[in-house]
Amino acid sequence: MTQSTVFPQERVTIVGVLNLTPDSFSDGGRFVSKGADLDLEAAVAEAEALVASGAGMLDVGGESTRPGSEEVPVDVEIARTRPLIEALAKSISLPISIDTRKAAVAEAALEAGAAVVNDISGLRFDPLLAGVTARAGAAIILGHLRGDPATMQRTVRFEDVVAEVAAELRASADRALEAGIPEERIGVDPGIGFGKRLAHNLDLIANLGRIRRFVGLPVLVGASRKSFLGELTGNPVDRRVEATFAASAVAIFAGADAIRVHDVEGALQMATVARALREARRDPT
Ligand code: HH2
């Protein structure tokens with residue numbers, strides 16, 4: 001694997017989530033009450049807390065992509081995210097990613113100081129996104145998603161979810177390369193919970209090493225507070241920290257280079273131990 005600049009290979013990157021939405025499934029409404037009514041001061045304070053707790057990257061989003069969610073207009077998504085990115089780019093040295101599928105939102109965020117585009121659609125939603133990312137010299141995280149968040153849970157069909165996700169992520173990566181984004185600035189993500197059922201999510205996390213080997217790029221896993229953890233434990237969304245850490249630790253043991261979490265406190269310790277165990281293992285991941 002070429003030396004990655006998106007997720008450095010010497011440690012696991014903890015990607016802290018900052019959702020500036022009224023309706024995200026677990027943390028909606030904390031910083032945006034309605035429309036684009038953003039509490040900038042509170043969002044900056046949360047970002048600083050995430051950094052102090054060990055985040056290595058901050059993922060800022062202005063559109064919920066939970067199952068059944070509707071698309072947010074571009075101007076609203078920009079009004080929610082750009083002010084925070086502008087403020088953080090001046091005060092923190094960590095890379096900031098913009099969680100969006102849309103070229104116009106990414107462009108505004110990159111101009112404001114973001115360094116990474118986090119596209120859950122893996123370049124399948126907006127044909128202009130790859131070019132915007134390439135021209136800005138930014139990095140990209142390519143997620144796996146068939147269809148769109150509004151309908152993705154209705155038509156789930158996989159024969160071999162690990163093989164199919166790996167192949168589709170490789171195709172996304174090839175699109176990014178063709179658009180001029182260099183390999184060291186590309187990461188992939190199996191899209192936990194995006195058009196997948198419980199058994200698919202478990203298969204993807206437990207066998208992540210296969211995806212990483214097939215795609216040949218660093219892998220991010222976002223299991224944080226997701227509904228499959230509720231299915232397994234019976235816990236509501238605000239009581240899934242331990243379940244998130246268990247899934248994340250296994251993902252790291254299986255090969256994850258980065259994890260995307262809402263609960264950053266303690267995540268770095270968990271990741272350090274999981275990674276040390278991966279390095280101690282005798283069978284290859
Ligand atoms: N999951 C969510 C959003 N963005 N990006 C990546 N790369 N990987 C993920 O698994 C991922 C993601 C969904 O979680 P969240 O942001 O908490 O919820 P919502 O979409 O409701 O805002």
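Every number for a ligand or one of its atoms is a count from 1 in the order of the listing. Side-chain atoms are counted along with the backbone in the values below, which use heavy atoms only and exclude waters and symmetry mates.
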*Taking the side chain from Arg170 and the backbone from Val215, do they hold a donor-acceptor pair closer than 3.5 Å?*
yes
Inspect the contact between [Y] and [X] and indicate whether a charged nitrogen and a carboxylate oxygen are less than 4.0 angstrom apart.
| X | Y | value |
| --- | --- | --- |
| Asp99 | Arg260 | yes |
| Glu86 | Lys90 | no |
| Lys196 | Asp203 | no |

*asked:* Any heavy-atom pair between the side chains of Thr65 and Glu63 that's under 4.5 Å?
replied: yes
*asked:* Which protein residues come within less than 4.0 angstrom of ligand 1, counting heavy atoms only?
replied: Asn19, Ser24, Phe25, Ser64, Thr65, Arg66, Asp99, Asn118, Ile120, Asp189, Phe194, Leu220, Gly222, Lys226, Arg260, His262
*Mutual orientation of the aromatic rings belonging to His144 and Phe158 [parallel < 30°, tilted 30-60°, perpendicular > 60°]*: tilted
